[in-house]
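We count residues from 1, following the sequence as given. Read the numbers this way: they start at 1 and go in the same order the structure lists the ligands and their atoms.
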Amino acid sequence: MTRAMENWLRVENTAFCPGCGHGILLGAMVRAAEELDLDRRHLLFVSGIGCAAWIPSPNIEADTLHTLHGRAVAYATGAKLTRPEATVIVVSGDGDISSIGGNHLVHAARRNIDLTVVCANNQIYGMTGGQTASTTPLGAKTATDAEGSSYRPFDLCSLVRAAGAPYAARWPVTRPRMLVDSIKKAIQTPAFAFVEAISPCPTQFGRRNRFDDLTAMYDYINELCITREEAAKMSPDEVARRFTIGEYADD
Ligand SMILES: Cc1ncc(C[n+]2csc(CCOP(=O)(O)OP(=O)(O)O)c2C)c(N)n1
Ligand SMILES: [Mg+2]
């Protein structure tokens, strides 16, 4: 067990499915907390409902607030207003933060509230059986779209940047070091900061979209995520179907 794990985890095992990326994000969060030596007396993790909402609670050894579906940012805003000196970190799923909770997300970015929001984007409602989310790719099959989703997904980093977030970053969980560094940067940014972790969901997304084994699921995630340099060589249509990874920040 690493020092981060010993210091920051309450549990030895998590309840995530085999191959779920949320556990890797949990590891990145506790490494960031350990490397920043965060003071637990002034630290709060807030989550809503969904598999991703279980990342901080019950796993992280710190104060955690497990709230209503889509409302984590609202609770976090209240906590930050009450205790401005506290570091408040929201951890959410893509459905939680951008479907039911989308309104809270964009307004917190617009108001530039000093929160760190970490989103585990597995492109689906994982916990409730695999329904289409506002992040589900065009054509992807879900429990509610057997023929494939007919809508364009949100680009979450562009969404919060357009709403006013000074810092956003996106990495797949297969690049954990980048993720840790961006989570640290987001926590240290005294403004609204957003980190999107692309997280594979073999159970709900993979099995409906022909990623029959974990290797295929992880290959899909790695192919989906492209650098800005790679994006520059692709057509706008090709880029729109992928995740351009990296940091998006004001100078
Ligand atoms: C008001 C309300 N509506 C719907 C639900 C059902 N619900 C719980 S979690 C969830 C979606 C979770 O998806 P996401 O946030 O992407 O997390 P994941 O499980 O994929 O990590 C839904 C629809 C609920 N608990 N409360
Ligand atoms: Mg999800």
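- In this structure a side-chain-to-backbone donor-acceptor pair under 3.5 Å is present from Asn209 to Lys141.
- Side-chain contact of Ser98 with Ser134: a donor-acceptor pair under 3.5 Å is present, judged by distance alone.
- Protein nitrogen, oxygen and sulfur atoms, that is N, O or S, within less than 2.8 Å of the Mg ion (ligand 2) amount to 3.
- Under a 4.0 Å N-O distance rule, the pair Lys185/Glu247 qualifies as a salt bridge.
- Side-chain polar atoms of Thr136 and Tyr125 form no donor-acceptor pair below 3.5 angstrom.
- Residues meeting the ring-ring contact (aromatic ring centres under 6.0 Å, His included) test with Phe243, sequence neighbours left out: none.
- A cation-pi arrangement, defined by a distance under 6.0 Å to the six-membered ring centre and an angle within 45 degrees of its axis, is absent between Arg31 and Trp8.
- The minimum heavy-atom distance linking Asn122 with Cys201 is given by the pair CB-CB, 3.8 Å.
- Residue-level contacts of ligand 1 at the 4.0 Å heavy-atom threshold are His22, Ile49, Gly50, Cys51, Ala52, His69, Gly93, Asp94, Gly95, Asp96, Ile100, Asn122, Ile124, Tyr125, Gly126, Met127, Thr128.
- For His107, there are no ring-ring contact (aromatic ring centres under 6.0 Å, His included) partners two or more places apart in sequence or in a different chain.
- Look at Asp155 and Arg161 and you find no salt bridge, because none of the NZ, NE, NH1 or NH2 atoms lies under 4.0 Å from a carboxylate O.
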